[in-house]
Amino acid sequence: MANENGKTVKIKLISSIIPTEGELEKYEMWLEGNCVEKGANHYLRYEEIQEETRIQTTIKLDEAKAFIMRSGGVNMRLPLNPGLRENGHYESPFGSLPIVTDTHQLAIEVTQSEKVSGRFKTQYDLIIGGNSVGQYTLEIQFTEVYS
């Protein structure tokens, strides 16, 4: 069992968005973060800097569902539960927005041998005001690094 700070991991994040009206947007980031084990759940934590704003992200992974929680420049709670429409929220300096996720795919794999490593992939529709604004795909691969 890892301590509260977890194990340091290298993270490869690939995000693709196909807006309802628009063209594919895709980006890839390499980050460093932590993987913390609590009971049967794993928490992947990392920090992004977007437009000079720090955003802390925590992804709670269990066997069947996940949550993405962000705080800092934006505050967001994004539940991912295959087969269910789940309510979340998004807050930015411009205001608060209720959102809904319709998760089509969720795959979580965490391996703990000498090093912890894993893969998280999800595909979901983001719904705002009753209408889908796009299809999102997020893929994260992480591997423990020794300090």
Side-chain angles (χ1 to χ4, degrees), residues 1-19 24-128 132-147:
M1 185 95 151
N3 63 24
E4 190 63 33
N5 293 326
K7 297 179 179 182
T8 301
V9 292
K10 285 271 187 223
I11 298 168
K12 179 182 180 183
L13 181 148
I14 301 169
S15 178
S16 303
I17 303 166
I18 303 173
L24 171 69
E25 300 170 30
K26 187 172 185 175
Y27 65 92
E28 182 176 309
M29 287 191 282
W30 288 88
L31 306 158
E32 189 170 286
N34 291 304
C35 183
V36 177
E37 178 187 357
K38 289 185 183 178
N41 299 320
H42 286 83
Y43 294 81
L44 194 58
R45 297 180 177 145
Y46 58 88
E47 181 179 85
E48 294 174 57
I49 298 176
Q50 291 184 3
E51 299 173 11
E52 299 178 20
T53 303
R54 292 182 182 275
I55 301 171
Q56 299 285 334
T57 300
T58 300
I59 303 174
K60 178 183 176 185
L61 308 170
D62 78 18
E63 293 178 11
K65 61 185 179 208
F67 283 95
I68 299 175
M69 295 160 279
R70 303 180 86 191
S71 61
V74 298
N75 291 308
M76 180 180 79
R77 180 181 175 277
L78 193 72
L80 300 165
N81 197 347
L84 294 177
R85 286 188 173 208
E86 294 265 30
N87 294 317
H89 73 268
Y90 180 89
E91 294 175 26
S92 74
F94 306 107
S96 182
L97 194 60
I99 58 177
V100 175
T101 54
D102 185 0
T103 307
H104 304 292
Q105 176 189 11
L106 183 67
I108 300 166
E109 177 185 319
V110 179
T111 306
Q112 290 187 212
S113 52
E114 291 180 28
K115 297 181 184 181
V116 66
S117 64
R119 195 171 147 247
F120 165 74
K121 184 174 183 179
T122 186
Q123 186 176 56
Y124 60 93
D125 286 342
L126 185 63
I127 300 164
I128 299 174
S132 175
V133 295
Q135 186 175 80
Y136 290 66
T137 301
L138 178 62
E139 185 170 357
I140 296 175
Q141 297 172 15
F142 60 94
T143 304
E144 181 179 352
V145 294
Y146 292 115
S147 310

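Computed from a predicted model, the values in this text were never measured in an experiment. For reference, positions follow the sequence shown, starting with 1.
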### Query
Going through the checks in order, is the side chain to side chain contact (heavy atoms under 4.5 Å, CB included) test met by V133 and I99?
CA-CA 10 Å; V133 295; I99 58 177; over 6 Å; no

Might you point out which heavy atoms bring [X] and [Y] nearest each other, and give the distance in Å?
X	Y	value
S92	V74	CB-CG1, 4.4 Å
T53	G73	CG2-CA, 3.0 Å
P79	R77	CD-O, 3.6 Å

### Query
Listed by chain and number, what are the ring pair (Phe, Tyr, Trp, His ring centres under 6.0 Å) partners of Y136, not counting sequence neighbours?
Y124

### Task
Determine, step by step, whether K12 and I14 satisfy the side chain to side chain contact (heavy atoms under 4.5 Å, CB included) criterion, reporting the C-alpha distance in whole Å, the side-chain angles of both residues, the deciding distance to 0.1 Å, and the verdict.
CA-CA 7 Å; K12 179 182 180 183; I14 301 169; 3.7 Å; yes

### Message
If we ignore hydrogens and angles and just use 3.5 Å, is the side chain of T111 paired with the main-chain N or O of G118 as donor and acceptor?
### Response
no

### Query
Side chain of T101, backbone of L80: donor and acceptor closer than 3.5 Å?
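Looks like no, no N/O pair under 3.5 Å.
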
### Query
Please, which pairs that meet ring-ring contact (aromatic ring centres under 6.0 Å, His included) have at least one residue in residues 65-122, sequence neighbours excluded?
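Checked against ring-ring contact (aromatic ring centres under 6.0 Å, His included) - neighbours excluded - no pair reaches residues 65-122.
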
### Task
Could you tell me whether E109 and K121 have a side-chain N and a carboxylate O separated by less than 4.0 Å?
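No, no charged N to carboxylate O under 4.0 Å.
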
Give, for atom [atom1] of [X] and atom [atom2] of [Y], the distance between the pair rounded to the nearest 0.5 Å.
X	Y	atom1	atom2	answer
L126	S132	CG	OG	7.5 Å
K7	C35	NZ	SG	8.0 Å
Q123	L106	CD	CG	11.5 Å
M69	R45	CE	CZ	8.5 Å
D102	Q135	CG	CD	10.0 Å
I140	I68	CD1	CD1	6.5 Å

### Task
Verify side chain to side chain contact (heavy atoms under 4.5 Å, CB included) between E48 and R70, making sure each step is shown before the conclusion.
CA-CA 10 Å; E48 294 174 57; R70 303 180 86 191; 2.6 Å; yes

### Task
Decide yes or no for L24 and S16: does some side-chain heavy atom of the first lie under 4.5 Å from some side-chain heavy atom of the second?
yes

Only distances under 3.5 Å count here; give the side-chain donor-acceptor pairs of residues 25-34 to other protein atoms, sequence neighbours excluded, each with its distance to 0.1 Å.
unit_1	atom_1	unit_2	atom_2	d
E28	OE2	W30	NE1	3.3
E32	OE1	K10	NZ	3.4

### Task
Check N81, T103, I108 against K65 for a side-chain contact (heavy atoms from CB on, under 4.5 Å) and give me the one that passes.
N81

### Task
Kindly determine whether E114 and E144 satisfy side chain to side chain contact (heavy atoms under 4.5 Å, CB included), including the steps that lead there.
CA-CA 9 Å; E114 291 180 28; E144 181 179 352; over 6 Å; no

